[in-house]
Amino acid sequence: MKRFLTTQTKRDVKEAFKGNALFQVINAAYKQQEVEMETLRFSPEEIWVNSFMCFDNLLQNRDEMEDLVRTMWYDTFCELRDDAEECDREFKLEELQTVTSCIIYAVIACLMASDDWTLMRHTESLMQQIAKHSDLDTIIQPFDDHIRDNFVGYIQRYIQNGRYISICLVDPKEYADPINPVMSATDRTKVKQGVKKRLEFMKGVMPDGETPIMSASDFNKMIEAVEYLIENNVVKKQRSKIFTPMSVADLRYTVYLVYQNEGKCIRKDLWLDFLQETFDKMKDNQESVSKHFSEKPAGYDERYLGKKKK
């Protein structure tokens, strides 16, 4: 896998791995770095690729980790410099130093997320290497500001899985996140259609036969938020939450049914975040919603599905 990507390869990587936890952080954190570079313009996609090249190398060669870590910053810098010259990519020294430090800090974040002391103990050495060449705050702060709750869980699952992204990147036909593969456009459309059909009853009224479950505009806002989640694997932030007279338990279980039947392609924790971010009455019920997500409220079918439980 080359350390520098073509324009088409960047597009392919971005599409195939847009749900990848490390890619999401790097893309949000270091896009400005690319903008500020006058010549090299090293992209977030390239930072992400190189981060996995370094991280995977450590995971695959644990017996040599001490030596690999000791020279990681310098080895990465020299390989980037040589590859840049080979593909006629101009650069300034400080640009290449910044890019190298961004890559190494992403590796540090992965090591820290592992919760494995044999990996975590190497982070101090790598941090010192960054400090010799870059302003730590400009490298660390953007990354830490954009890190998400799912990052740690993703990295731990990635290590346990034992399938390496850097290997699959050799062939564009194999582009797929081993932990969280991105659905095809056709698959996403089918999921969205299925979810919308399941939630169609929320355009109706409460069991009293008069009170709307929610307004038409709020229903459209909810569907838009669901489709955004399915399309981007990210919960859409809402300035104003949706009001519904449905109880917390009924609302929670409705979203659980979506997750259980059509929405397994989206992680459970994202559906829980969706509840918190989308509906006004959920903000103070996070813990109970998480603990009882799959618990069916008594009389749910009779209230909303128009049938009695057999």
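Sequence positions, counted from 1, serve as the residue numbers for this chain.
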So does [Y] get a backbone contact from the side chain of [X], meaning a donor-acceptor N/O pair under 3.5 Å?
X: Thr244; Y: Ile213; result: yes
X: Gln128; Y: Thr123; result: no
X: Glu210; Y: Val205; result: no
X: Lys18; Y: Val13; result: no
X: Thr98; Y: Glu94; result: yes
X: Arg3; Y: Glu46; result: no

Tyr30 vs Phe143 aromatic rings, parallel, tilted or perpendicular, using cut-offs 30° and 60°?
tilted
Please work out whether the ring planes of Tyr164 and Tyr158 are parallel, tilted or perpendicular, with thresholds of 30° and 60°.
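Perpendicular: the ring planes of Tyr164 and Tyr158 meet at over 60°.
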Close aromatic pair by centroid cut-off 6.0 Å: Tyr253 and Tyr256:
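That pair passes the under 6.0 Å test.
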Would you check if the distance from the ring center of Phe17 to the ring center of Phe52 is below 6.0 Å?
no
Take atom CG in Asp208; do more than 12 heavy atoms of anything else shown fall under 6.0 Å from it?
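Yes, the 6.0 Å shell around CG holds more than 12 heavy atoms from other groups.
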List the residues meeting side-chain hydrogen bond (donor to acceptor under 3.5 Å, both in side chains) with Arg41, not counting sequence neighbours, and say none if there are none.
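Arg41 satisfies side-chain hydrogen bond (donor to acceptor under 3.5 Å, both in side chains) with no residue once adjacent residues are dropped.
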Roughly how far apart are Ile242 CD1 and Gln238 CD, rounded to 0.5 Å?
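Rounded to the nearest 0.5 Å, the CD1-CD separation comes out at 6.0 Å.
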Can you check whether Glu231 reaches Lys192 side chain to side chain, under 4.5 Å on heavy atoms?
yes
Student check: side-chain heavy atoms of Phe279 and Met214 closer than 4.5 Å
yes
Show which residues join Val234 in its hydrophobic cluster (side-chain heavy-atom contacts under 4.5 Å, direct or indirect), or state none.
Tyr228
Are Val152 and Phe55 joined in one hydrophobic group, where the rule is that I, L, V, M, F, W and Y side chains link up if heavy atoms are under 4.5 Å apart?
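No; tracing contacts between hydrophobic side chains, which count when under 4.5 Å, never links both residues.
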